[in-house]
Structure formats: structure tokens, C-alpha cells
Amino acid sequence: MPKESIVRRSWSDLVNRQLSDERRVQHTALEAMSDEEAERRVAEDPDAMPFDEDFWASAEIVRPKVPVSIRLDPEVIAYFKAAGPGYQSRINAVLAHYVQAKRRETSSS
């Protein structure tokens, strides 16, 4: 995503921004709602996803990737791109497997 497309807001920007009349009414109604009412509405919402023990038991930790720029041979890029979208992820997977193999090799010696 181009940096020009990223909009950053501070907490004070969000708190101090002018709300439309409709948003102000919604905000006031939400603040007046009891916890019980909010929980009831969530329970009735078919799109609400519960964050219960089952959810956390199968949750996966996703490590953020670090953007880098490397120079690769054209035939390497062509090979990975030929398989369709996701070529960078495939290159990452190949490199990750290489790192794991080298670590196993080092730890067994």
C-alpha cells in the first residue's frame, strides 16, 4: 500500500473531531446502554464472533513481516510469479524452510 494511502490519527484527533448529528445520537445511545443490553445485542447478532476459550485455543500468533528490498535473478522471480498471486509469500516460505533446515543442521552437530 502506498504511503500516501495511509492515514494516521492520534487519539486526541479522534476524540476532538466533530461528529455528525447522526453519529452524535448513536454515540449518546451507546453510552447510555447498559452492559447487559450490549451483551444481549451481541448474543443476538449472527455476525458477532465470540472470543471464548475455543477461539483462543485455536488462535494463531501472526508475526509481522519486515519489508525489505533484495535483488533476485529474473528467472527466480519469473518462476515464483508463474504460479500466480502470492509469489512473495512463496519465496518467504522457501527461505523459512531453508532457515529451519540450517538450524536443525546446526543443533544436531
Side-chain angles (χ1 to χ4, degrees):
M1 176 180 298
K3 285 188 177 181
E4 309 81 63
S5 301
I6 299 173
V7 178
R8 296 186 186 271
R9 299 275 189 247
S10 69
W11 178 249
S12 61
D13 289 341
L14 296 174
V15 170
N16 295 325
R17 72 181 181 162
Q18 295 296 317
L19 297 176
S20 66
D21 289 339
E22 180 183 356
R23 289 284 187 180
R24 192 176 319 283
V25 168
Q26 291 172 345
H27 188 263
T28 302
L30 185 60
E31 282 185 327
M33 188 183 301
S34 69
D35 289 347
E36 293 78 18
E37 174 68 8
E39 288 174 9
R40 184 187 63 74
R41 288 186 181 198
V42 169
E44 292 174 353
D45 184 349
D47 295 327
M49 185 166 85
F51 292 111
D52 55 12
E53 292 299 320
D54 291 338
F55 172 83
W56 294 112
S58 62
E60 185 178 320
I61 296 174
V62 178
R63 294 175 293 161
K65 294 185 178 172
V66 178
V68 297
S69 176
I70 61 173
R71 296 176 187 271
L72 300 172
D73 294 334
E75 56 272 12
V76 171
I77 295 295
Y79 176 83
F80 282 95
K81 279 188 170 183
Y87 76 95
Q88 291 176 327
S89 294
R90 287 190 294 278
I91 292 171
N92 185 70
V94 168
L95 293 172
H97 284 291
Y98 177 83
V99 168
Q100 289 172 359
K102 285 298 188 180
R103 285 184 178 154
R104 281 193 301 270
E105 190 179 287
T106 303
S107 66
S108 64
S109 48

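Worth knowing before you read on, the calculation uses all heavy atoms, side chains too, and leaves out hydrogens, waters and symmetry mates. Residue indices begin at 1 and follow the sequence shown.
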Go through Arg23 and Gln26 one step at a time and tell me if the side-chain contact (heavy atoms from CB on, under 4.5 Å) criterion holds.
CA-CA 5 Å; Arg23 289 284 187 180; Gln26 291 172 345; 3.6 Å; yes
Taking atom CD of Glu22 as the centre, does the number of heavy atoms from other residues, nucleotides or ligands within less than 6.0 Å exceed 12?
no
Side-chain donor/acceptor pairs under 3.5 Å, residues 46-62, sequence neighbours excluded:
unit_1, atom_1, unit_2, atom_2, d
Asp52, OD1, Asp54, N, 3.4
Asp52, OD1, Phe55, N, 3.0
Trp56, NE1, Phe51, O, 3.4
Ser58, OG, Asp54, O, 3.3
Ser58, OG, Phe55, O, 3.4

Under 4.0 Å between a Lys/Arg side-chain N and an Asp/Glu carboxylate O for Arg40 and Glu36?
no
Pair Arg41 + Glu44: basic N to acidic O under 4.0 Å
no
Value rounded to 0.5 Å, distance of CZ in Arg63 from NZ in Lys65
9.5 Å
Identify every side-chain donor-acceptor pair in residues 69-96 under 3.5 Å, counting partners at least two apart or on other chains, and give the distances.
unit_1, atom_1, unit_2, atom_2, d
Arg90, NH1, Pro85, O, 3.1
Arg90, NH2, Phe80, O, 2.7
Arg90, NH2, Gly84, O, 2.6

Tell me every residue that passes side chain to side chain donor-acceptor pair (under 3.5 Å) with Ser107, counting only those two or more places apart in sequence or in another chain.
none
